[in-house]
Each structure stands twice: as structure tokens, then as C-alpha cells.
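A quick write-up on the structure given underneath.
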Amino acid sequence: MPELPEVETTVRGLARYLEGERIARVTLNRADLRRPFPEGLVQSLTGATVTSLGRRAKYGLIHTDREQTMVFHLGMSGRWRIEPETPDKHDHLVLETGSGHMLALNDARRFGSVDMVFTPGLYQWPAFAALGPEPLGEDLTAQHLAAAFKGRAAPVKPLLLDQRIVAGLGNIYVCEALLRAGIRPDKAAGAISRKAIDRLVPEIKAVLSESIEAGGSTIRDYAQPNGELGYFAANWRVYGREAQPCRHCGTPVQRMVQGGRSTFWCAKCQK
DNA sequence: ATAGTCTCCTGCCGGC
DNA sequence: TGCCGGCAGGAGACTA
């Protein structure tokens with residue numbers, strides 16, 4: 001499910017149930033996701049009060065009053081289920097708050113992760129230290145991307161999925177941003193003009209912002225027992241639309257595989 | 001350093 | 001109906 005907008009929407013939804021709340025009970029229903037749950041996770045969280053929530057790239061952050069932050073990643077299939085009416089076999093970690101809310105981290109494929117990190121050193125944590133700039137922040141500039149692309153023979157699309165270059169983009173929004181900027185996904189990154197990069201940066205920010213806004217407007221859905229939080233597929237211009245007309249020019253959308261992952265693009269709009 | 005491939009895991013969908 | 005292959009939002013470990 002989750003790219004940056006989905007994680008952001010998830011965090012905002014969780015905040016309504018967790019911010020200022022004491023965690024009364026933590027239940028682990030298995031020992032691991034992608035990696036084992038951290039040692040002492042239950043003990044670290046139980047009795048702690050959540051001071052605030054946040055997000056870095058595709059990671060959600062649950063800060064506690066013990067200088068410990070629970071860092072979660074949703075992988076491919078992760079989601080939080082709010083007040084689930086019935087347990088699900090993929091509810092791997094369950095939090096119960098002092099005021100009786102129940103929140104279940106559900107992840108069928110278990111590509112996600114949970115870590116507890118010392119809050120004051122959070123951004124020196126190795127996984128975070130390696131991340132590139134937040135795409136919605138001021139650090140993602142055309143200059144930054146131009147420097148990252150310089151001399152690179154690799155196609156631009158897989159490079160934009162590299163979290164060291166931009167932190168938070170995933171397969172869907174990279175496809176969408178490249179379409180909007182009119183850049184071929186298989187163009188060598190180093191061959192992309194500064195002018196095209198100047199178009200790309202605002203389109204990255206726009207597509208992410210629009211998606212967060214759409215998510216925010218349907219945040220009510222998030223609180224439903226099934227915990228579904230969909231992508232806003234109706235707004236996609238190319239992703240998942242092979243052979244359907246490009247929403248800009250009507251030409252059938254193409255699909256190709258790059259690095260083992262599907263890329264959707266328009267041969268007419270993207271040069 | 002860079003580029004490309006493979007893998008983890010489960011669920012779903014389409015074809016036969 | 002049931003089986004099988006292919007595909008899926010991510011990312012890290014490999015290899016050349």
C-alpha cells in the first residue's frame with residue numbers, strides 16, 4: 001500500500017488515537033516481520049505515553065516520553081487497522097491505549113518492519129542517515145537532483161526509487177511524476193536536461209501533495225474497522241493503465257519492466 | 001562506485 | 001471448481 005502519501009495519511013490517522021495517550025498494552029502475535037521485532041519492544045512501549053507522531057520518507061514515527069521512538073515501515077502490504085471488530089491473522093502487533101482504543105499493525109506479506117530508536121539520535125540512526133531529502137521539503141531542489149543525476153548512465157526511473165536520492169517516492173508516484181514532467185522513464189539520468197529537471201521537481205511535489213490531500217479528505221475511511229486505505233487510483237494518469245488512453249494525449253499507455261518492476265508511461269508525452 | 005538481478009511473503013486474478 | 005503462473009505499493013543483499 002504505502003508510498004509517502006499513504007504513510008503520511010496513516011500517521012495523521014493514528015495521531016488522532018495515539019497522541020497524548022498512554023499505551024496500556026502491547027501484544028505481539030509473532031516474533032518478526034521482515035526482521036525480528038526489537039528486543040524489549042513490549043517493555044519499551046508498555047506504560048509509555050505517546051508524545052507525538054511523525055514521518056520520515058516512508059517510515060512512520062511514534063514518539064514516546066521515554067526518549068524512544070517506535071519506527072514502523074509498512075513494506076508492500078502493511079496497514080494499521082483501527083478498532084478492528086474481529087482479529088485478522090495478519091495483525092502482528094496490537095496496541096491498546098489507556099482510553100481503550102485498539103490499533104493493529106497488519107501486514108500480510110511481512111515486508112514491513114518495526115524498530116525502537118533512541119529519539120535524540122533518531123536522524124543518526126543508520127537507516128535514516130542514508131536517506132535523501134524529503135520530497136515535500138525545501139531540500140529537494142532541481143540543483144539536488146541535477147547533482148544526483150550527473151554522470152549517471154542508469155535510467156532515471158529506477159534512480160528516483162532510490163531512497164538515497166529522494167526519500168519517499170515509490171513506483172506509482174515516480175511513474176506519475178515522470179509523465180507529468182514529460183520525461184521518458186528509460187532515459188539515462190545523466191542525459192536529462194536541466195530544463196526537464198526543473199519541470200520534474202515541482203511535479204514530484206505536486207503529485208505527492210495532491211495525493212495526501214485526497215487521503216486527508218477521506219481519512220474517515222481510515223478509521224473504519226477494515227482499515228482499508230486505498231491509493232487514489234482514479235487520479236492516476238498512467239500507473240496501472242496499460243493500453244488505456246493517456247489522460248494527456250489519448251495515446252495508449254505503455255508498460256515496461258525496469259529493475260523487475262512495472263513502469264507505465266506515454267510514448268508521446270514523455271521524451 | 002554503479003548497475004542490474006534476486007529474494008523475502010501472501011493474496012488475488014485470469015486462464016485453462 | 002481447482003490448479004498454476006504471474007503480478008503486486010519496498011528495500012536490502014547479492015553479482016559483476
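Naming convention: chains lettered A, B, ... in sequence-line order (proteins, then strands); numbering from 1 in each chain.
- Legend: residues meeting ring-ring contact (aromatic ring centres under 6.0 Å, His included) with A:Phe72, ordered by chain and number and at least two apart, are A:Trp80.
- Remark: A:Arg30 pairs with A:Asp32 by the side chain to side chain donor-acceptor pair (under 3.5 Å) rule, at least two apart or across chains.
- When the nearest nucleotides of DNA chain C are assigned to A:Arg109 and A:Ala127 by heavy-atom distance, the more 5′-ward of the two goes with A:Arg109.
- Between A:Ile165 atom CD1 and B:dT2 atom C1' there is a gap of 11 Å when expressed in whole angstrom units.
- Between the P atom of C:dA11 and the CZ atom of A:Arg35 lies a distance of 12 Å, rounded to the nearest Å.
- Applying the ring-ring contact (aromatic ring centres under 6.0 Å, His included) criterion to A:His73, with sequence neighbours excluded, gives A:Tyr59.
- Side-chain atoms of A:Arg110 and base atoms of B:dC9 include no donor and acceptor less than 3.5 Å apart.
- Of the side-chain N and O atoms in A:Ser262, one or more sit less than 4.0 angstrom from OP1 or OP2 of C:dA8.
- A search for salt bridge (charged side-chain N to carboxylate O under 4.0 Å, His left out) contacts involving A:Glu203 returns A:Arg180, not counting sequence neighbours.
- Shown here are the salt bridge (charged side-chain N to carboxylate O under 4.0 Å, His left out) partners of A:Arg194, two or more places apart in sequence or in another chain: A:Asp198.
- Considering only residues two or more places apart in sequence or on other chains, A:Phe111 meets the ring-ring contact (aromatic ring centres under 6.0 Å, His included) condition with none of them.
- As a whole-Å value, the separation of A:Arg164 CZ from C:dA13 P is 11 Å.
- Screening residues 108-133 of chain A for salt bridge (charged side-chain N to carboxylate O under 4.0 Å, His left out), with sequence neighbours left out, gives A:Arg35-A:Asp115.
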Strictly under 3.5 Å: I want the nitrogen or oxygen pairs between protein and nucleotides 3-7 of chain B, one per line.
from, atom 1, to, atom 2, distance (Å)
B:dA3, OP1, A:Ala153, N, 2.8
B:dA3, OP1, A:Ala154, N, 2.9
B:dA3, OP2, A:Arg152, NE, 2.6
B:dA3, OP2, A:Arg152, NH2, 2.6

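- Listed for the A:Glu242 side chain is no donor-acceptor partner under 3.5 Å among the backbone atoms of A:Gly240.
- A donor-acceptor pair under 3.5 Å links the side-chain atoms of A:Gln270 to the main chain of A:Cys266, judged by distance alone.
- For the pair A:Ile172 CD1 and C:dC7 C1', the interatomic distance rounds to 14 Å; values are reported in whole Å.
- Pairs engaging residues 150-163 of chain A under the salt bridge (charged side-chain N to carboxylate O under 4.0 Å, His left out) rule: A:Asp162-A:Arg164 [sequence neighbours left out].
- Applying a 4.0 Å cut-off to non-hydrogen atoms, the residues of residues 87-94 of chain A that approach DNA chain B are A:Lys89, A:His90, listed by residue number.
- Rounded to whole Å, the separation between the P atoms of B:dT5 and C:dC7 comes to 15 Å.
- With pairs defined as Watson-Crick or G-U wobble and both atom distances under 3.5 Å, the stems of at least three pairs that touch DNA chain B come out as B:2-8 with C:10-16, B:10-16 with C:2-8.
- Residues passing the side chain to side chain donor-acceptor pair (under 3.5 Å) test with A:His101 are A:Glu83, sequence neighbours excluded.
- Residue A:Asp32 contributes atom CG, which lies 11 Å from atom C1' of B:dC9 at whole-angstrom precision.
- In this structure, CZ of A:Phe111 is placed 14 Å from C1' of C:dA13, rounded to the nearest angstrom.
- Atom C1' of nucleotide C:dG12 and atom CZ of A:Arg261 are separated by 13 Å, given to the nearest angstrom.
- Both A:Leu161 and A:Leu136 are part of a single hydrophobic cluster, where members link through side-chain heavy atoms under 4.5 Å apart.
- With both ends at atom P, the span from B:dC9 to C:dC3 equals 23 Å, rounded to whole Å.
- Taking atom CE of residue A:Met76 and atom P of nucleotide C:dA11, one finds them 10 Å apart after rounding to whole Å.
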